[in-house]
Amino acid sequence: MLTTEQKKSYQQNGYLVLEECFSAEQMGVLKNSANNIVAEFDPNSTRTVFSTEDQTKTRDDYFLSSGDKVRCFFEEDAFDDKGQLKQDKSLSINKIGHALHQLVPEFKGFSHNDKIRDIALDLGLAKPQIHQSMYIFKQPKIGGVIRWHQDASYFLTTPISVVTFWLAVEDATLENGCLQVGKGCAEMPLKEQFKRFEDDTTELTQLHDFPWPDDDTALPLEVKAGTLVVFNGLLPHFSAPNVSDKSRHAFTLHITCGNTLYAQENWLQAPPSKL
Ligand code: FE2
């Protein structure tokens, strides 16, 4: 249950940091589950993604059809020219997505609980529904940059409703590429829309030429494991590369309100789960 001050802070800043929201034990359960998925994953099953002539299309298909599946995605630099992993599989995965909350018991249980639901309701999502879940590894040394973006570009509803639940499974610091948010940007106009067309081509459409905040004006959210950060779909955010020798695991949920209209152009069209 959020306090009046917390709700006010979320409205003013576009985000809210909830420290010690979940226990170390709960983080351990999620981390083990994610590591097990990677351990069971056969990298050869997606080797074609990186060895066929039509690389881009095959890679896009692997992504675009993952909305109701549990799939591992490699870091961009994971493979060499011959399609061989440069380093151990466990250090090559960028993320797992996008239906952990529906298909993997540990993540399903974690996502569909009263705590998440109550926070969603308190933030104004009258009918909260989960569209997507991701487990992000941000690997030591190779975890790449995530450029400035707004999550409503990918989960557009009318009116805009998406709230991102970003859970630190491990400590997040400036060194290992913590989340960074724009200051005073709670209601920045939506700058881009990621569209998926009927033929499964995609496009990032520019809606405004409003500039992204400067990196050095961003507010780094250095948080301990178990902290939940929630932020609205218009809040610009990014994360720098992980230059440390520590991973920075995080689990994210994208939750919209069922009373809004979900855009037909959104890439993910799998049915959401009610909270
Ligand atoms: Fe994001």
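All ligand and atom numbering here is 1-based and tracks the order in the structure.
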_By the salt bridge (Lys or Arg N to Asp or Glu O under 4.0 Å) test, which pairs, at least two apart or in different chains, include something from residues 147-164?_
R147-E192

*If a pair satisfies ring pair (Phe, Tyr, Trp, His ring centres under 6.0 Å) and one of its residues is in residues 14-34, list it, with sequence neighbours excluded.*
F22-F110

*Look at the aromatic rings of F155 and Y262 and report parallel, tilted or perpendicular, splitting at 30° and 60°.*
tilted

*Answer with yes or no after comparing the ring centroid distance for F73 and Y62 against a 6.0 Å cut-off, counting only values under it.*
yes

_Over all atoms of both residues, closest heavy-atom pair of E222 and C178_ = CG-SG, 4.0 Å

_Distance below 2.8 Å from the Fe ion (ligand 1): protein N/O/S atoms_ = H149 NE2, D151 OD1, H237 NE2

What pairs of donor and acceptor atoms, side-chain ones from residues 208-217 against any protein atom, are under 3.5 angstrom apart with sequence neighbours left out?
unit_1, atom_1, unit_2, atom_2, d
D215, OD1, W148, NE1, 2.8
T217, OG1, D214, O, 2.7

